[in-house]
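Worksheet: the structure to be examined is printed underneath.
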Amino acid sequence: MSSAESSAYEGFTAEERAAMKEHAQELKAAARRSSQADKAAQAERDVLAKIAGMQDSDRVMAERVHAVVTACAPALAPKLWYGMPAYARDGKVVCFFQSAGKFKARYATLGFNDPAKLDEGAMWATAFALTEVTPEVEARIAELVKRAAG
């Protein structure tokens, strides 16, 4: 790498470093919990507390996303993932909600990871921008989550 290229790299942003620290804390906290039921109950409380601490519009959207995901895909377990509400199957995150405030973005995001079964041909979306959660958006989220959890 030339000196010009290496001087342009600024490393992780403060928000990215904070997310990595949150993830490390989440892993340590999960390891300290005793039973699976205790881990699951605490993970749900952690997700709800994270949602409650979000800014107004992000909180409202995250509450609706949480309600839709837990209703449509009860097999997905709520958990925190890099400080974001996420929903996992067998410990692997299938989908997550990233608030706009998390990385100072213009909009919140509903994202899907590899375990989601959203494949459509040679190219498909793995994240969706959210500016509000209307009944139509809730229906689309439900459809995507059902497919992803399937």
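Numbers here are sequence positions counted from 1.
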Work out which heavy atom in Lys79 is nearest to a heavy atom in Ala88; give both atom names and the distance.
-> CD-CB, 3.7 Å
Locate the shortest heavy-atom distance separating Ala108 from Asp58; write the atom from each residue and the value.
-> CB-OD1, 4.0 Å
Which atom of Ala100 lies closest to which atom of Arg106, heavy atoms considered = CB-C, 4.4 Å
Would you check, one step at a time, whether the test side chain to side chain contact (heavy atoms under 4.5 Å, CB included) holds for Thr109 with Lys102?
-> CA-CA 10 Å; Thr109 305; Lys102 179 80 174 162; over 6 Å; no
Look up atom SG in Cys95 and atom CZ in Arg147, then write down how far apart they are to the nearest 0.5 Å.
-> 13.0 Å
Modelled atom types, side-chain donor and acceptor of Glu136 and Thr134, under 3.5 Å | yes
Check: Lys39 and Gln36 side chains under 4.5 Å, non-hydrogen atoms = yes
For His23 and Met20, run side chain to side chain contact (heavy atoms under 4.5 Å, CB included): C-alpha distance rounded to whole Å, both residues' side-chain angles, the deciding distance at 0.1 Å, then the answer.
-> CA-CA 5 Å; His23 187 57; Met20 288 185 280; 5.6 Å; no
Exceeds 12 heavy-atom contacts within 6.0 angstrom, atom CD of Glu143 = yes
Connected-component partners of Val47 among ILVMFWY, side-chain separation under 4.5 Å | Ile51, Met54, Met61, Val65, Val68, Val69, Leu76, Leu80, Tyr87, Val94, Phe97, Leu110, Phe112, Leu118, Trp124, Phe128, Leu130, Val133, Val137, Ile141, Leu144, Val145
For the residue pair Ala43 and Pro78, what are the closest heavy atoms and their distance?
-> CB-O, 3.4 Å
For the pair His66 and Glu44, evaluate side chain to side chain contact (heavy atoms under 4.5 Å, CB included) and give the outcome as yes or no after the intermediate values.
-> CA-CA 10 Å; His66 180 76; Glu44 172 109 23; 3.2 Å; yes
Going through the checks in order, is the side chain to side chain contact (heavy atoms under 4.5 Å, CB included) test met by Lys92 and Asn113?
-> CA-CA 9 Å; Lys92 295 182 180 174; Asn113 284 341; over 6 Å; no
Counting only N and O atoms by type, is there a donor-acceptor contact under 3.5 Å from the side chain of Arg89 to the main-chain atoms of Ala75?
-> no
Could you go step by step and tell me if Lys50 and Glu26 meet the salt bridge (Lys or Arg N to Asp or Glu O under 4.0 Å) rule?
-> CA-CA 12 Å; Lys50 180 59 76 173; Glu26 293 158 10; over 6 Å; no
Using a cut-off of 6.0 Å, state whether more than 12 heavy atoms not belonging to Asp114 lie near its atom CG.
-> no
Starting at CD of Gln98, measure out to OH of Tyr107 and round the result to the nearest 0.5 Å.
-> 9.5 Å
